[in-house]
Amino acid sequence: MKKVIYLLLITVAFCAQVNAQGYNYMGKHILFNANVTVSPSWINPNPMTPHLTTLSAKAQRYLGINYWVTPSIEAIVWEKGSVGAGYNFYKSPFKGKLAVPVINPYNDYYYYDYRDFTGMITAHGFNVFYKQYVGHTFAPLGHYFKFNFDGLFYNYSEIVPSVAPEGKDMLFGFKVEYGYDFLVLDRLRLSVGASIGTTFNDFSLAFKQMTDDNYSTDYTISDYANSRMWMAYWFGIKLGVGFLAF
């Protein structure tokens, strides 16, 4: 996490330096943003699951969501573009099945059985991005395309029945977002957008979990954690608030 903080501080200093004599909007070129990205989580445990247990299965299905919290700092660098960097946070339960050796007490041979488990994943990381405004508009408002690179560092552990070891891993991702920004009183910026992308890892397990409840290929708890990250990352709806500071 220290490296992530140092990276963000360096980016802030760089943006401030670059824009000292650069393009601006009404004399201001630095924005601070607070964004939340959500997506459906209909086939997985999710942060909403503990609060939906009293509802019907259908209600649980359609109210379950993933969420990412991504505050950032952004600098206007020319008439139609801005760059920025931010912090990523994601937390959610996830589920899977693990192969367990079963010993035959009569002949000492063993075979593998499968048991279901529920785990918890917590991810922190960074993002860097470029926003290209399109049409008859200019930064920092109007229609835009945003190109986002993410670094994700996460811990995972099994919580039910809590017999597997904890672990940690990292992965990277890239996504493209299309959205619209508009300003209120030339200071407050409201944003809405939709994104699609992928993490750079083997996500074939995600498709098996979505299409086949009876798959029995051997996977580790790390594989399930990676799969859960991809399913939360590949699509999202963003809602954001920004402040044009200076």
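Quick note: residue numbers are just sequence positions, from 1.
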- Task: Begin from the C-alpha positions of Phe129 and Glu74 and carry the test side chain to side chain contact (heavy atoms under 4.5 Å, CB included) through to its verdict.
- Result: CA-CA 9 Å; Phe129 61 86; Glu74 182 180 347; 4.0 Å; yes
- Would Phe145 and Val134 count as a side chain to side chain contact (heavy atoms under 4.5 Å, CB included) if you check the C-alpha gap in whole Å, the side-chain angles of each, and the deciding distance to 0.1 Å? CA-CA 8 Å; Phe145 284 96; Val134 296; 4.0 Å; yes
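- Between Met229 atom CE and Asn201 atom CG the span is 9.0 Å, to the nearest 0.5 Å.
- A distance of 4.5 Å separates OG of Ser195 from NZ of Lys175, quoted to the nearest 0.5 Å.
- The two residues Ala232 and Ser39 make their nearest non-hydrogen contact at O-OG, 3.8 Å.
- Between Phe149 and Phe126, the ring-plane angle classifies as tilted under the 30° and 60° cut-offs.
- Side-chain atoms of Tyr219 and Asn226 form no donor-acceptor pair, as typed in the model, at a separation below 3.5 Å.
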- Please assess Thr122 against Asn155 for the test side-chain hydrogen bond (donor to acceptor under 3.5 Å, both in side chains), listing each intermediate value before the final yes or no. CA-CA 5 Å; Thr122 303; Asn155 300 305; over 6 Å; no
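- Residues Met231 and Ala206 share a closest heavy-atom pair of CG-CB, 3.8 Å.
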- Query: When you look at Asn33 and Ser72, which way does the side chain to side chain contact (heavy atoms under 4.5 Å, CB included) test go after all the steps?
  - Reply: CA-CA 5 Å; Asn33 304 308; Ser72 66; 3.2 Å; yes
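- In terms of hydrophobic clustering, with Ile, Leu, Val, Met, Phe, Trp and Tyr side chains grouped at heavy-atom distances under 4.5 Å, Leu185 and Tyr180 are assigned to a common cluster.
- At least one donor-acceptor pair closer than 3.5 Å links the side chain of Tyr233 to the backbone N or O of Phe174.
- In this structure, Leu188 CG and Leu183 CG are separated by 8.0 Å, a value rounded to the nearest 0.5 Å.
- Residues Gly151 and Asn88 approach most closely at O-ND2, 4.0 Å, considering heavy atoms.
- At least one side-chain heavy atom of Arg187 sits less than 4.5 Å from a side-chain heavy atom of Lys28.
- The two residues Tyr144 and Gly193 make their nearest non-hydrogen contact at OH-CA, 4.3 Å.
- A heavy-atom distance below 4.5 Å is not found between the side chains of Phe32 and Pro71.
- Rounded to the nearest 0.5 angstrom, Thr37 OG1 and Asn66 CG are separated by 11.0 Å.
- Of all heavy-atom pairs between Ile221 and Leu98, the closest is N-CD2, 3.7 Å.
- Taken together through direct or relayed side-chain contacts under 4.5 Å among Ile, Leu, Val, Met, Phe, Trp and Tyr, Ile73 and Phe246 form part of one hydrophobic cluster.
- Transitive grouping of hydrophobic side chains (ILVMFWY, heavy atoms separated by less than 4.5 Å) keeps Leu190 and Ile237 in distinct clusters.
- Interatomic distance, Lys80 NZ to Phe138 CZ, rounded to the nearest 0.5 Å: 9.0 Å.
- In terms of the side chain to side chain donor-acceptor pair (under 3.5 Å) criterion, Thr70 has no residue partners (sequence neighbours excluded).
- When hydrophobic clusters are built by joining Ile, Leu, Val, Met, Phe, Trp and Tyr residues whose side-chain heavy atoms come closer than 4.5 Å, directly or via intermediates, Leu239 is not grouped with Val69.
- Contact annotation: the side chain of Val241 never approaches that of Ser191 to less than 4.5 Å [non-hydrogen atoms, C-beta and beyond].
- The hydrophobic clustering, which links ILVMFWY residues whose side-chain heavy atoms are closer than 4.5 Å, places Val176 and Phe200 together.
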- Task: Assess whether side-chain hydrogen bond (donor to acceptor under 3.5 Å, both in side chains) is satisfied between Asn148 and Tyr130, documenting all intermediate values.
- Result: CA-CA 7 Å; Asn148 209 93; Tyr130 171 74; over 6 Å; no
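- Side-chain atoms of His143 and Tyr178 form a donor-acceptor pair, as typed in the model, at a separation below 3.5 Å.
- For the atom pair CG of Asn35 and OH of Tyr87, the computed distance is 14.5 Å after rounding to the nearest 0.5 Å.
- Of the residues Tyr156, Trp230, Phe117, Phe94, the one that meets the ring-ring contact (aromatic ring centres under 6.0 Å, His included) test with Tyr224 is Phe117.
- Looking at every heavy atom in both residues, Phe153 comes nearest to Met170 through CE2-CE, 3.3 Å.
- Two residues are said to be in side-chain contact when any heavy atoms from C-beta on lie closer than 4.5 Å; Arg228 and Tyr154 fail this criterion.
- Evaluation of the side chain to side chain donor-acceptor pair (under 3.5 Å) rule for Tyr133 yields Lys131, Asp181, Arg189 as partners, not counting sequence neighbours.
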